[in-house]
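Just the heavy atoms: all of them, side chains too, but no hydrogens, waters or symmetry mates, feed the values below.
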Amino acid sequence: MAKMLILTGPQGAGNHLWSKIFSLHSEVYGWKTLLENYWQAHRFAEPFARYWRDPSLFKTFDWTQSDYYFTSISCPLGIIGSDVNPIWNPNVTEFASAVKDCGVDVEFAVIGRDQTILNFQQTRIRTQSTLFMFLEQLKTISNPIFLSYELLYLYRQEYLKTLAFNIPIAWDDPRIDSILENDANAKYVHNIEYNELDNGNKLGLTFKTRP
C-alpha cells in the first residue's frame with residue numbers, strides 16, 4: 001500500500017522548511033524542486049498544488065510512481081485582500097479522504113512555531129493574524145503528530161531521528177545542515193540586559209508575584 005504524509009499548519013510556521021526536510025529522502029515523492037531553491041510559491045511549484053484545489057483529480061493520478069508521498073499546505077493559503085494571491089482555506093480532510101479513496105495510507109503532521117512570532121509574521125505579511133483559521137481546521141484532523149520549529153533548530157538530526165511517520169526520513173542527509181543554517185526566528189528575538197527575576201537565580205530570592 002502506498003503511503004502519504006500530509007503536513008499542515010498555520011501560515012508562517014515553517015511549511016517550506018519542513019517540506020525540504022521531508023522531501024530529502026530519495027524514495028519520497030515530494031517537493032524536490034524546493035530543494036534546489038530557497039523558496040517557491042506553493043500554488044505554482046508544490047507537486048500536489050492542483051490536487052489541493054481539486055482533490056477529485058486524484059482519480060487519474062499515477063500512484064505507481066513511488067511507495068511514499070509527501071505533501072504540505074498552510075491553512076489558510078494566500079493573503080487577505082490580495083488580487084494576485086487571494087486568501088483561501090483548503091479543506092484538509094476532503095483532500096485526505098480523496099487520497100484514502102485511492103487506497104493510500106495517510107498520516108498527518110501538524111507544525112507549530114512560537115505564537116508571538118506567528119502573530120508578528122502573519123500581521124506583517126497578511127495584515128492580521130490568520131491563526132484562528134487554522135485552529136478551525138485542526139479540529140477536523142484525526143490523530144496528528146505535532147512538530148516543533150524550535151525543537152528542529154535546537155536538536156536538529158537528533159530530533160529528526162525520533163520522528164516516526166509512514167514515510168522514511170533522511171535524518172542523516174548532509175543537506176540538513178545547510179537547510180538549517182539560518183534560523184528565521186533570530187530576526188524576531190532580541191536580547192535583554194537585565195530582568196528582575198535574574199536575582200531569583202543569583203541570590204535565591206522568592207517572588208510571590210511577577211515583578
Side-chain angles (χ1 to χ4, degrees), residues 4-23 28-59 61 69-102 104 106-149 152 165 167 179 184-185 187-188:
M4 174 179 279
L5 176 63
I6 299 174
L7 181 141
T8 187
Q11 291 177 319
N15 182 295
H16 284 72
L17 172 69
W18 282 105
S19 291
K20 290 182 179 183
I21 295 293
F22 287 124
S23 296
V28 173
Y29 182 107
W31 198 345
K32 300 297 188 182
T33 60
L34 186 60
L35 298 173
E36 303 167 4
N37 298 278
Y38 178 73
W39 191 91
Q40 289 182 304
H42 184 283
R43 65 190 187 279
F44 298 133
E46 207 275 343
F48 291 99
R50 69 191 190 103
Y51 299 90
W52 279 105
R53 288 285 183 180
D54 184 3
S56 69
L57 294 174
F58 273 122
K59 295 176 182 178
F61 183 78
Y69 297 85
F70 168 77
T71 187
S72 67
I73 198 162
S74 296
C75 294
L77 199 68
I79 300 174
I80 297 172
S82 170
D83 294 330
V84 177
N85 184 19
I87 198 164
W88 164 61
N89 206 16
N91 190 320
V92 176
T93 54
E94 180 185 17
F95 180 94
S97 293
V99 175
K100 291 177 182 177
D101 288 344
C102 296
V104 178
V106 172
E107 279 191 352
F108 284 104
V110 170
I111 55 176
R113 191 177 182 182
D114 177 85
Q115 61 179 341
T116 302
I117 290 177
L118 278 180
N119 183 60
F120 286 152
Q121 201 267 6
Q122 292 171 1
T123 302
R124 186 183 84 246
I125 298 177
R126 300 167 180 95
T127 72
Q128 68 181 66
S129 172
T130 60
L131 178 60
F132 71 96
M133 298 179 73
F134 174 70
L135 294 179
E136 287 300 312
Q137 286 269 8
L138 183 59
K139 298 174 184 177
T140 71
I141 298 175
S142 300
N143 302 316
I145 297 175
F146 291 90
L147 299 174
S148 168
Y149 181 99
L152 175 60
F165 285 110
I167 66 170
I179 291 173
N185 278 3
K187 61 178 173 283
Y188 295 99

Problem - Result of checking K187, R126, R113 against Q121 for side-chain hydrogen bond (donor to acceptor under 3.5 Å, both in side chains) - result: R126
Using 0.5 Å steps for rounding, measure from the [atom1] atom of [X] to the [atom2] atom of [Y].
X	Y	atom1	atom2	answer
I21	S72	CD1	OG	12.5 Å
I87	Q128	CD1	CD	7.0 Å
I167	L7	CD1	CG	9.0 Å
N91	F95	CG	CZ	11.0 Å
H42	L77	NE2	CG	6.0 Å

Problem - Pair Q40, T33: side-chain N/O donor-acceptor within cut-off below 3.5 Å - result: yes
Handout entry: Donor + acceptor pair across side chains of S74, Q11 (<3.5 Å)
Key = no
What is the minimum heavy-atom distance between [X] and [Y], and which atoms define it?
X	Y	answer
K20	N37	NZ-O, 3.2 Å
I80	T127	CB-OG1, 4.4 Å
S129	N119	CB-OD1, 3.6 Å
T116	D114	N-OD2, 3.0 Å
T93	I141	CG2-N, 4.5 Å
K32	S23	NZ-O, 2.6 Å

Exercise for the section: Indicate yes or no for a side-chain donor-acceptor contact from H16 to the backbone of L34 under 3.5 Å, with no hydrogens or angles considered. Expected result: no
Problem - Side-chain (Q122) to main-chain (T130) donor-acceptor, under 3.5 angstrom - result: yes
Between [Y] and [X], is there a side-chain heavy-atom distance shorter than 4.5 Å?
X	Y	value
V110	T8	yes
I111	N15	yes
W52	E46	yes
N89	E136	no
L152	L147	no
L138	F134	yes
T71	Y51	no
V99	F58	yes

Practice task
Flag yes if more than 12 heavy atoms outside F120 fall under 6.0 Å of its CZ atom; otherwise flag no.
Solution key: no
Handout entry: Exceeds 12 heavy-atom contacts within 6.0 angstrom, atom CD of Q115
Key = no
Exercise for the section: Measure up the F22 and W18 rings against each other and bin them: parallel (under 30°), tilted (30 to 60°), perpendicular (over 60°). Expected result: parallel
Exercise for the section: Could you point out which residue of W31, F70, Y29 forms a ring pair (Phe, Tyr, Trp, His ring centres under 6.0 Å) with F48? Expected result: Y29
